[in-house]
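Atom set for the values below is all heavy atoms of this structure, side chains included, hydrogens, waters and symmetry mates excluded. Every number for a ligand or one of its atoms is a count from 1 in the order of the listing.
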Amino acid sequence: MTNADAAVIAPAAKATDPEILRRRTFAIISHPDAGKTTLTEKLLLFGGAIQLAGAVKARGERRRTRSDWMQIEQQRGISVTSSVMTFERNGIYYNLLDTPGHSDFSEDTYRTLSAVDAAVMVIDAAKGIESQTRKLFEVCRLRDIPIITFINKIDRPGEDPLTLLDDIASGLALDLVPMGWPIGMGPDFRGVVDLAGMRVLLPEEGERNAPFGRVVPIASLSDIAEIPGIDADIAARALEGVELAQGALSTFDLQAFREGHLSPVFFGSALRNFGVEQLLDALGNWAPGPLPRVAVQRTVYPGEDQVTGFVFKVQANMDPNHRDRIAFVRLCSGRFKRGMKLLHVRDGKYMTVSSPTLFFGQGRETADEAYAGDIMGLPNHGTLRVGDTLTEKEVLKFTGIPNFAPELLRRVIIEDAMKAKQLNRALDDLAEEGIVQVFTPIAGGRQILGVVGVLQFEVLQSRVKAEYGVPVSFEQAPVELARWISADDPAKLQKFVDAHRGEIATDRDGALVFLAESQWMLKYKGEKFPDIKFSALRERGE
Ligand code: GDP
């Protein structure tokens, strides 16, 4: 069952606790540079969580050099306060989950998506869909996560809005419904029409580049042309665009949005505050509250009395002097109270949760209470791992934490053979964090490491040395791609494995992986062995 199915079934076991109902737990997905950080700052600003924009990350950090990044990686801790940002506005309690850092660290971002109930997809108006947007969108689709689209930077020259909508809709096979429309773009930018509210948002009088500050109600769209300061031809083009879009595109349907098939679209400028409040209102009004979560044994509903949750992210060695870690737990049901004893299902042991952390804007606080939908940080010494389930007593295992096929594969070379044991521990820890994937060839031989982006190898190398005292280097592996393999008929899978022993490895959880020397070879094997499923994605714990 997917989240969307669960959303449809949910009413029977729906939460009635207003504290749960008012939670909105979401993430922002985008390609680097589309404006995620700027939008995050503005959401926090409108949400009252920060006084001044610019607090999310200092301007100077924006274009980090590689060495800066390494240093920051070694210091750790910097990104944690902004991993979860909680703020309240108009009675809605927003949990914004972010995955700051270099675009290379995408597994982390993917895992974050397992803990949200909705996503905002930020698209640069000049660029349309980009590679990272597409990847992240596909993860959202896999989980039927409802998506609100924010087309950013309309104050800059960009694609024509209709062309953009068309490209996004066809590129992602997603129904789009514009909730607003830009009046001109780039140098012609004059403001935004709020189609649902029938009003026009304009910059402060006399200041073309100022943030939005004026609201003009309109009775009909043609009134746009009457607004002083909006040239007739710009108004005419905007009107024509809206009419064409409204004729060609769907109308808003809450159910279709919540099932992940339809996305409302806001045109805006995060930098200049256009569209940000409407986006927040849309999240508050339309995004679902905490959704039921699927466990192997049954579906868990947010309104259930007993507390349940799962770990979707672990951050290790935050303080170099202590081997402490923070496990980020998404609460799936119940009302958590500090000091509660929770069952760590994988271990079969109870743990007293005495110092859970909640994250407000830039700060952290020890939480006395938390509700389904909230994210708690639990300091621990390595007992909690990604994918782990916590409950009051029931034996449950939540699903939905994926591993993705790495894009780069290397072999690890250890300089001091005496340190093999430490290396194994380091790889195990860092695999847990999502920094690396470790594949062990079934025919023996050295482990093969997989990452999504090349910078991860450098981070890995520096952390293994700094935190575990093991100097390592990497060499090219004779393989290019890794794919998890499965088949409906276990005998056929076994036959394939037997015939390809030199190309098969197991991942950390023992799942079988085919290591292909090239894309061509993978395609060839796929055609030759139609009963074998080659998958670029695997659910953890399955
Ligand atoms: P991220 O990499 O997705 O977090 O993107 P940032 O928020 O760091 O933004 C990338 C660049 O685009 C920065 O220079 C921002 O100032 C700029 N930017 C973000 N939003 C807007 C916008 O609405 N209009 C314009 N003109 N620039 C923007």
Side-chain angles (χ1 to χ4, degrees), residues 26-46 50 52-66 68-69 72 78-79 81-85 96-106 108-110 112-113 119-137 147-159 161 164 180-192 201-204 207-213 265-280 362 453 455:
F26 71 104
I28 301 178
I29 60 171
S30 67
H31 192 83
D33 264 0
K36 185 174 78 163
T37 309
T38 312
L39 183 63
T40 302
E41 286 170 359
K42 295 303 169 72
L43 291 174
L44 292 178
L45 191 66
F46 281 103
I50 50 171
L52 275 175
V56 175
K57 71 183 181 195
R59 299 276 156 197
E61 286 174 48
R62 195 152 271 154
R63 299 279 169 263
R64 278 177 195 146
T65 63
R66 175 173 293 198
D68 281 348
W69 174 253
I72 287 158
I78 36 96
S79 54
T81 48
S82 49
S83 291
V84 185
M85 287 160 279
L96 167 54
L97 274 56
D98 189 29
T99 49
H102 196 276
S103 60
D104 271 0
F105 295 98
S106 19
D108 198 25
T109 312
Y110 292 123
T112 297
L113 292 175
V120 172
M121 175 165 70
V122 180
I123 288 176
D124 183 331
K127 299 196 174 140
I129 309 169
E130 296 175 86
S131 57
Q132 193 92 338
T133 338
R134 183 184 299 278
K135 271 193 203 166
L136 294 164
F137 172 79
I147 292 178
I148 301 180
T149 304
F150 188 81
I151 299 185
N152 192 29
K153 305 195 189 181
I154 55 167
D155 56 316
R156 278 207 194 147
E159 291 262 9
L164 264 171
W181 201 265
I183 306 174
M185 279 174 72
D188 289 345
F189 175 65
R190 298 291 181 273
V192 173
L201 313 177
L202 299 161
E204 291 288 2
E207 278 274 355
R208 188 162 286 181
N209 288 319
F212 122 78
V265 182
F266 293 88
F267 286 90
S269 165
L271 194 66
R272 292 176 52 190
N273 299 344
F274 275 89
V276 178
E277 275 189 291
Q278 289 94 291
L279 178 65
L280 263 179
Q362 287 296 288
L455 189 60

* To do: Just let me know how T37 lines up against ligand 1, side chain, backbone, both or neither, with a heavy-atom cut-off below 4.0 Å.
  =>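 T37 to ligand 1: contacts from backbone and side chain alike.
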Hey, which atoms in ligand 1 end up nearer than 4.0 Å to a heavy atom of [X]?
X: T38; value: 6 (P), 7 (O), 9 (O), 15 (C), 19 (C)
X: S269; value: 22 (C), 23 (O), 24 (N)
X: A270; value: 23 (O)
X: K36; value: 1 (P), 3 (O), 4 (O), 5 (O), 7 (O)

Distance, nearest 0.5 Å, that separates [atom1] of [X] from [atom2] of [Y]:
X: I129; Y: F137; atom1: CD1; atom2: CZ; value: 8.5 Å
X: D155; Y: L271; atom1: CG; atom2: CG; value: 6.5 Å
X: R272; Y: R156; atom1: CZ; atom2: CZ; value: 11.5 Å
X: E159; Y: I123; atom1: CD; atom2: CD1; value: 11.5 Å
X: E277; Y: L45; atom1: CD; atom2: CG; value: 9.5 Å

* Asked: If we only count N/O pairs under 3.5 Å, is G268 in contact with ligand 1?
  ->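 So ligand 1 has no N or O lying under 3.5 Å from an N or O of G268.
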* Asked: Below 3.5 angstrom, do we get any N/O pair linking P32 and ligand 1?
  ->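 Between P32 and ligand 1, no N or O pair is found under 3.5 Å apart.
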* To do: Would you please name every residue forming a side chain to side chain contact (heavy atoms under 4.5 Å, CB included) with S30, sequence neighbours left out?
  =>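 Expected list: A34, K36, V122.
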* Please identify each residue that fulfils side chain to side chain contact (heavy atoms under 4.5 Å, CB included) with A119, with sequence neighbours left out. =>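 Applying side chain to side chain contact (heavy atoms under 4.5 Å, CB included) to A119 gives C140, I145, I147.
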* Asked: Between the candidates H31, R272, K153, which shows the shortest non-hydrogen contact distance to atom 28 (C) of ligand 1?
  ->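 Selected option, by shortest heavy-atom distance: K153.
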* Between D124, D33, D155, T40, which one has a non-hydrogen atom sitting closest to atom 10 (C) of ligand 1? ->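 Selected option, by shortest heavy-atom distance: D33.
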* Would you call R156 a ligand 1 contact, heavy-atom distance under 4.0 Å? ->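 It does, in that a heavy atom of R156 comes within the 4.0 Å cut-off of ligand 1.
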